[in-house]
Amino acid sequence: MNANHATVRHDHQQQRYVLDVDGKALGVASYQQDGDSQIFTHTEVDPSLEGQGMGSKLIREALDDVRQRGKRVVPQCEFVAAYVKKHDEWSDIVDTQ
């Protein structure tokens, strides 16, 4: 799967970011809004995309959106926590609880 066929969209009403691949929702990063913080609670990507960097794309674009909106991130989800630990460029928007 080519990342060029994948897009990430913010579903405000469902409090999640959705990874669409070739028009199909194949990944989700769910969060809970708490004031200026988005508490990421769960990330799931279809097993058919394993090892293709799609989970990283989903989280990277979600974090980009959070930063652009001036919000903070609380990474309760293991995948998000591991991603921000590995990528220091997000440390300015990450809070731990």
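Transitive grouping of hydrophobic side chains (ILVMFWY, heavy atoms separated by less than 4.5 Å) keeps Leu58 and Val28 in distinct clusters. Hydrophobic clustering keeps Val18 apart from Met54 (ILVMFWY residues linked when any side-chain heavy atoms are closer than 4.5 Å, directly or through intermediates). A continuous path of hydrophobic side-chain contacts links Phe79 to Ile93 [ILVMFWY only; heavy atoms under 4.5 Å].
The distance from the CD atom of Gln38 to the CZ atom of Arg69 is 4.5 Å, given to the nearest 0.5 Å. Of the inter-residue distances, the one linking His5 atom NE2 with Lys24 atom NZ reads 13.5 Å to the nearest 0.5 angstrom. The CG atom of Asp95 sits 4.0 Å away from the CZ atom of Arg72 when rounded to the nearest 0.5 Å. Atom-to-atom distance recorded for Tyr83:OH and Ile59:CD1 is 8.5 Å, nearest 0.5 angstrom. If you take OG1 on Thr7 and CD on Glu61, they are separated by 8.0 Å, rounding to the nearest 0.5 Å. Leu49 CG to Leu26 CG: the interatomic distance, rounded to the nearest 0.5 Å, is 5.0 Å.
Ion pairing of Asp11 with Arg16 is present here, as a side-chain N (NZ or NE/NH1/NH2) and a carboxylate O approach within less than 4.0 Å.
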* Chi angles and distances behind the side-chain contact (heavy atoms from CB on, under 4.5 Å) call for Phe40, Val84 -> CA-CA 12 Å; Phe40 281 85; Val84 297; over 6 Å; no

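The neighbour count for Glu89 CD, taken as heavy atoms of other residues, nucleotides or ligands under 6.0 Å away, is above 12. Annotation: Gln33, atom CD; neighbour count of heavy atoms from other residues, nucleotides and ligands within 6.0 Å is above 12.
Using bins of under 30°, 30° to 60° and over 60° for the plane-to-plane angle, the ring pair Tyr17/Tyr31 lands in the tilted bin.
Arg9 and Ala25 make their closest contact through NH2-CB, 4.5 Å (heavy atoms, listed as atom of the first residue, atom of the second, distance).
Using a 4.5 Å cut-off on side-chain heavy atoms (C-beta onward), Val74 and Gln32 make no contact.
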Below 3.5 Å, can you tabulate the donor-acceptor pairs from side chains in residues 41-48 to any protein atom, sequence neighbours excluded?
residue, atom, partner, partner atom, Å
Thr41, OG1, Ser30, O, 3.4
His42, NE2, Glu44, OE1, 2.9
Asp46, OD1, Ser48, N, 2.9
Asp46, OD1, Ser48, OG, 2.6

